[in-house]
Amino acid sequence: MRRKISVIIPAYNEEENIPLIAERLFTLFEKHPTYEPEVIFMNDGSRDESLEVLKALSEKYMNLYYIDFSRNFGHQNALRAGYDHATGDAVICLDADMQHPPEMIFELIKKWENGFEVVLCKRKDNSEHVGRFKKASSNNFYRTLSFLTDINIEPSTADFRLIDRKLVDIIKSLPEKDIFFRGMIAWMGFKQTVVEYEQQARIHGETKYSFKKMMSLAFTGLTSFSVKPLHTAIYLGLSISCLSILYIPYAVVSYLNGSAISGWASLIVTVSFFGGLQLLILGVIGLYLGKLFMQSKHRPEYIVRETNIQS
Ligand code: UDP
Ligand code: MG
C-alpha cells in the first residue's frame, strides 16, 4: 500500500514562492511514486494574491490543498491548522520560502521508515543565509529556555520536521491553545532523531517574522513549559528583602550621626530599582494570567474562510 505523506506549508504573503515550492515538491514526488503526496498550504491572511495563486495551482495539481484563514493568525496557529487537516501517515512542515530545501524530505522519510517517529532538521551552524542576529538570538533563547524549563530543545532546529501520525493525533487532541510546537514535540518524547541541513536563501520577499512576532514566540515558549519564571520572581524578591535588611544598620547609624538627610541619592536609586523590579515581576505574573485568560475563552486558534479540503 502506498503510504501518504502530508507536507504542510504556512504561507503569509508568499505569492511568488508558492508556485515554485509546489512545483518542486510535486516533481520530487513524481520521482518517488511509492509515496502519495498531500500538500496543504495554510494561507495565513495574506494580503497579496496568494489565495488566487493557490486556487489556480489546485486545478493543476490534484493533491494540492489550501486552507484560507479569515486573517493573519500567525505561523504556529497555521501549523496547528495543518496538523488538524493533514491525513498522511507522516506530516512534514516546511517554510514556503524554500529556506528548507524540499529535497531533504526524502531523507526525513527514510529515517521515518527506519522507525523514527520524529525527525528534526537542524540548521548547520555554518549556514550562510542566517542573519547573525537571528543566530545569536536563537542560541540565547534556547539556552534560556532549557534553563527555565525541563525540556531540551535541540538548538538550531526550527519548524522543519517530520512527525508520525501518532504524534499528529495527539496534537489534535490537545486542548492547549497557543502551542509552541518545537517545545511541545520535544516534550512529547517518542523516538526522535536529528538530521542536518544547509539553510538556503529566501528566494522571494523578506522574512515574515517581524521582531514583534519573534518576541511573542519567545514569550509563548518561555511560559508554555514552565512556571519557573514565577519561582525566580519569588527568589529574587526574597534575596532582595534579605539584602535590604542589611541596609537597616546603615540607616540607624546615619540617623544617630545626624546625617540622615544626606542619603537622598541612595534613596532614589533604591526606589527606582525596586520600582523596576516590581514592574518586571508583575509583568511575569501578568503573562501567565493573560495566558489563563485567553485559554479560558476557548476561542478557536484560527478561522477558516474557505478551503478545498473535503471533510
Ligand atoms: N508565516 C506565517 N504567518 C506569519 C508569519 C510567517 O504563516 O504570521 C510563514 C511564512 O510565510 C513562512 C514561514 O511562516 O512560510 C516562516 O516564516 P519566515 O520564512 O518569514 O521566517 P524566517 O525563516 O525568517 O524565520
Ligand atoms: Mg524562512
Side-chain angles (χ1 to χ4, degrees), residues 4-12 38 40-45 65 67 69-95 108 112 116-121 141-142 145-146 148-154 157-194 213-214 216-230 287-304 307 309 311:
K4 192 174 192 177
I5 306 291
S6 302
V7 181
I8 57 173
I9 308 174
Y12 176 47
E38 175 186 66
I40 307 177
F41 284 91
M42 284 73 71
N43 183 27
D44 187 14
Y65 302 94
I67 303 169
F69 289 180
S70 60
R71 62 167 172 86
N72 179 255
F73 280 92
H75 182 214
Q76 300 291 302
N77 289 326
L79 286 178
R80 172 95 196 209
Y83 286 129
D84 284 347
H85 291 84
T87 57
D89 299 303
V91 180
I92 298 173
C93 35
L94 278 184
D95 275 13
L108 307 188
W112 172 63
F116 288 103
E117 290 145 323
V118 177
V119 190
L120 306 169
C121 296
F141 173 65
Y142 286 128
L145 194 68
S146 67
L148 287 176
T149 63
D150 298 323
I151 49 159
N152 269 318
I153 300 181
E154 186 71 36
T157 56
D159 289 302
F160 178 21
R161 69 177 90 83
L162 175 151
I163 62 174
D164 186 83
R165 165 91 344 225
K166 281 178 249 164
L167 281 97
V168 180
D169 288 339
I170 296 170
I171 288 175
K172 278 169 79 169
S173 69
L174 289 174
E176 185 170 335
K177 302 267 146 120
D178 202 13
I179 292 184
F180 179 61
F181 280 105
R182 282 159 230 190
M184 182 55 82
I185 283 162
W187 175 85
M188 281 166 86
F190 288 93
K191 276 183 77 180
Q192 309 209 356
T193 185
V194 179
K213 280 187 177 158
M214 237 157 82
S216 135
L217 184 69
F219 282 129
T220 304
L222 286 176
T223 51
S224 288
F225 288 94
S226 158
V227 285
K228 256 195 201 163
L230 290 176
L287 273 180
Y288 285 96
L289 194 65
K291 248 188 139 89
L292 277 175
F293 172 65
M294 293 311 282
Q295 184 93 22
S296 71
K297 288 196 286 193
H298 300 294
R299 281 199 192 147
E301 290 145 296
Y302 57 89
I303 299 172
V304 178
T307 167
I309 298 177
S311 51

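Nothing fancy with the numbering, it's 1 onward along the sequence. Just so it is clear, the structure is predicted and the values come from calculations on it, not from any experiment.
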Heavy-atom pair with the smallest gap, counting every atom of Ala86 and Val91: CB-CG2, 3.8 Å
Nearest-0.5 Å distance that lies between atom CD1 in Ile67 and atom CD1 in Ile40: 5.5 Å
All salt bridge (charged side-chain N to carboxylate O under 4.0 Å, His left out) counterparts of Lys4, not counting sequence neighbours: Glu38
Arg161, Met42, His75 screened by side chain to side chain contact (heavy atoms under 4.5 Å, CB included) with Cys93, the one that passes: Arg161
Set of ring-ring contact (aromatic ring centres under 6.0 Å, His included) partners for Tyr12, sequence neighbours left out: none
Listed partners of Glu301 passing salt bridge (charged side-chain N to carboxylate O under 4.0 Å, His left out), at least two apart: Arg80
Residue pair Ser6 / Gly88: nearest heavy atoms and the distance that separates them: OG-N, 2.8 Å
Straight-line distance of Leu289 CG to Thr223 OG1, nearest 0.5 Å: 12.0 Å
Test salt bridge (charged side-chain N to carboxylate O under 4.0 Å, His left out) applied to Lys166 - qualifying residues, sequence neighbours left out: Glu117
Donor-acceptor list for residues 180-188 side chains, cut-off 3.5 Å, not counting sequence neighbours:
from: Arg182; atom 1: NE; to: Asp159; atom 2: OD2; distance (Å): 3.3
from: Arg182; atom 1: NH1; to: Tyr142; atom 2: OH; distance (Å): 3.1
from: Arg182; atom 1: NH2; to: Asp159; atom 2: OD2; distance (Å): 2.8

Under 3.5 Å donor-acceptor, Lys177 side chain and Arg299 backbone: yes
Atom pair CG/CD1 of Asp84 and Ile171 - distance to nearest 0.5 Å: 9.5 Å
Taking every non-hydrogen atom, the tightest pair across Leu217 and Gln76: CD1-CG, 3.6 Å
Non-hydrogen atoms of Pro300 and Ile303 that approach each other most closely: CG-CG1, 4.3 Å
Minimum-distance pair of heavy atoms, taken over all atoms of Asp44 and Gly74: OD2-N, 2.9 Å
Audit row: Ile163, Tyr83, side-chain contact (heavy atoms from CB on, under 4.5 Å) steps and yes/no: CA-CA 10 Å; Ile163 62 174; Tyr83 286 129; 3.4 Å; yes
Min side-chain heavy-atom separation Leu108-Phe160 under 4.5 Å: yes
Pairwise distance OG1(Thr193) to CG(Leu162) - rounded to 0.5 angstrom: 11.0 Å
Minimum heavy-atom distance Thr307-Ile309, with the two atoms named: OG1-N, 2.9 Å
Cation-pi, Phe69 ring and Arg71 (6.0 angstrom, 45 degrees): no
Pairing residues for Asp164 by the side chain to side chain donor-acceptor pair (under 3.5 Å) criterion, not counting sequence neighbours: Trp112
Among Lys291, Gln295, Met294, side chain to side chain contact (heavy atoms under 4.5 Å, CB included) partner for Asp178: Lys291
Ile9 CD1 to Ile92 CD1 distance, which is reported to the nearest 0.5 Å: 10.0 Å
